[in-house]
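What follows is a single structure, written as structure tokens, with notes after it.
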Amino acid sequence: MSAWTLALLVALGMAAPAAAADPLAVRVFTDKSTYDRNEQAQLTLEVKNTSSFYVSVSFGSGQQYDFVARDASGATLWTWSNGKTFSPFGSSKALAPGETWSVQETWTFVDNTGSSLLDGTFSITGTYLGNYLGRSGTKSGTQDVVLQTSDPLVATFSTDKASYSRFTSAPLHLTVTNVAAYPVAISFQNGQQYEFSARNSSGQVVWTWSTGKSFDPAASELVLAPGESLTFNESWSFNNNNGGGIADGYYTVSGTFLGQAYGAVEPKGGESQIRVYTLF
């Protein structure tokens, strides 16, 4: 419409014709909002013809859509089309009135290099690449998702009974199990992987397993497969750290795992109360 025509309509008190509404509506959504590590997000792009007439959609190549994941700063981390090839030939399709077209893809929370991402909130954008009469702006939608890592390690500590004669010893057992569905890398600051200790009824530490021992100062790492466990077995002969005998009474014995893993809550271990006696 020319400026002269618009001016004439205004002068005559007539409104200019409104632009036709975009006939296609785009919606992007995921199967849920929060994901645990090793889960994958199901991404859905939905395009609906909200008009009362057929809409002919054309594509410049074989690619009809794309998904992009960005971090909280807006940096692009992953693109669905990255590394894919598409036909260079265009195509077209028609959407009937009220018809909905949709597509689903998955994202495993990796970047474009295939590296796993740290926990956080990510913005998923799905874009429809079709061109048609009446299109207005970029046809895309966005959905935020959260990646979190549940503690992959479970530790249990046990002794074989509650009371011991001082002329025996208490067996101490510490077990650490990978309860995740994926391998877990565990790092240690040095060669010591665990600790056992005993406290008297006042809370004072009277014995530690590592006292007097030396360990390799170099850091190390191991990988626990899903369902795999580490078990550490030692014993306490009811001596203190100086080698002398302890008094009869109640003691709290504990085992602590010293490994560190992504998502694991520290410290990891357990404790039990035992009684040490001389006669009865």
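The first residue of the sequence shown is numbered 1, and numbering continues consecutively from there.
Aromatic ring orientation, Phe257 versus Phe188: perpendicular (interplanar angle above 60°, classes split at 30° and 60°). Ring geometry for Tyr128 versus Trp101: interplanar angle of 30 to 60°, hence tilted.
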Evaluation steps, ring-ring contact (aromatic ring centres under 6.0 Å, His included), between Trp236 and Tyr164: CA-CA 11 Å; Trp236 180 37; Tyr164 297 87; 8.9 Å; no

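A donor-acceptor pair under 3.5 Å is formed between the side chain of Glu195 and the backbone N or O of Ser210. No donor-acceptor distance shorter than 3.5 angstrom exists from the side chain of Lys93 to the backbone of Ser56, with no hydrogens or angles considered. In this structure a side-chain-to-backbone donor-acceptor pair under 3.5 Å is present from Asp31 to Gln42. The backbone N or O of Gln204 sits nowhere less than 3.5 Å from a side-chain atom of Ser202 that would complete a donor-acceptor pair. No donor-acceptor distance shorter than 3.5 angstrom exists from the side chain of Arg70 to the backbone of Ala72, with no hydrogens or angles considered. Looking only at distances, a side-chain donor or acceptor of Asp66 sits under 3.5 Å from a matching main-chain atom of Ser81. Of the possible polar contacts, one joining the Asp119 side chain to the Thr149 backbone as a donor-acceptor pair under 3.5 Å is found. Formation of a donor-acceptor pair under 3.5 Å by the Asn190 side chain with backbone atoms of Asp216 is not found in this model. At least one donor-acceptor pair under 3.5 Å links the side chain of Asp22 to the backbone N or O of Ser136. Side chain of Ser61 to main chain of Gln63: a donor-acceptor pair is present (N/O by atom type, distance under 3.5 Å, no hydrogens or angles).
Both Trp207 and Phe232 are assigned to one and the same hydrophobic cluster, defined by single-linkage of ILVMFWY side chains at heavy-atom distances under 4.5 Å. Leu224 and Tyr262 fall into different hydrophobic clusters, where Ile, Leu, Val, Met, Phe, Trp and Tyr are joined by side-chain heavy atoms under 4.5 Å apart, directly or via other members. Transitive grouping of hydrophobic side chains (ILVMFWY, heavy atoms separated by less than 4.5 Å) keeps Val68 and Val28 in distinct clusters. In the hydrophobic clustering of ILVMFWY residues, with side-chain heavy atoms under 4.5 Å counting as a link, Val103 and Val55 come out together.
Using a 4.5 Å heavy-atom cutoff, the side chains of Phe59 and Ser92 are not in contact.
Results of the side chain to side chain contact (heavy atoms under 4.5 Å, CB included) test with Arg166 over Asn239, Asp248, Leu279 single out Asp248 as the only residue that passes.
We find the OG-CZ distance between Ser201 and Arg275 to be 13.0 Å, quoted to the nearest 0.5 Å. Within the model, atoms CG of Leu129 and OG of Ser58 stand 11.0 Å from one another, a figure rounded to the nearest 0.5 Å. Between the OG1 atom in Thr156 and the NZ atom in Lys268 there is a gap of 11.0 Å [rounded to 0.5 Å].
Contacts of Phe86 classified as ring-ring contact (aromatic ring centres under 6.0 Å, His included), with partners at least two apart in sequence or in another chain: Trp80. In this structure Leu117 satisfies the side chain to side chain contact (heavy atoms under 4.5 Å, CB included) test together with Leu77, Trp107, Asp111, Phe122, sequence neighbours excluded.
A side-chain N or O of Thr211 and one of Thr208 form a donor-acceptor pair less than 3.5 Å apart. For the residue pair Ser197 / Ser254, a side-chain donor-acceptor distance below 3.5 Å is found, with atom types taken as modelled.
The aromatic ring centroids of Tyr194 and Trp209 lie less than 6.0 Å from each other.
Nearest heavy-atom pair across Phe67 and Leu45 is CZ-CB, 3.6 Å. Taking every heavy atom of both residues into account, Ser140 and Thr125 meet most closely at CB-CG2, 4.0 Å. The two atoms that bring Phe238 and Ser169 nearest to each other are CE1-CA, 3.7 Å, heavy atoms only. The shortest heavy-atom contact between Glu234 and Phe196 is CG-CE1, 3.5 Å. Taking all atoms of both residues into account, the shortest heavy-atom contact from Gly245 to Asn240 is O-ND2, 4.2 Å. Nearest heavy-atom pair, Ala261 versus Ile186, reported as atom, atom and distance to 0.1 Å: CB-CG1, 4.2 Å.
Within 6.0 Å of CD on Glu266 lie more than 12 heavy atoms contributed by other residues, nucleotides or ligands.
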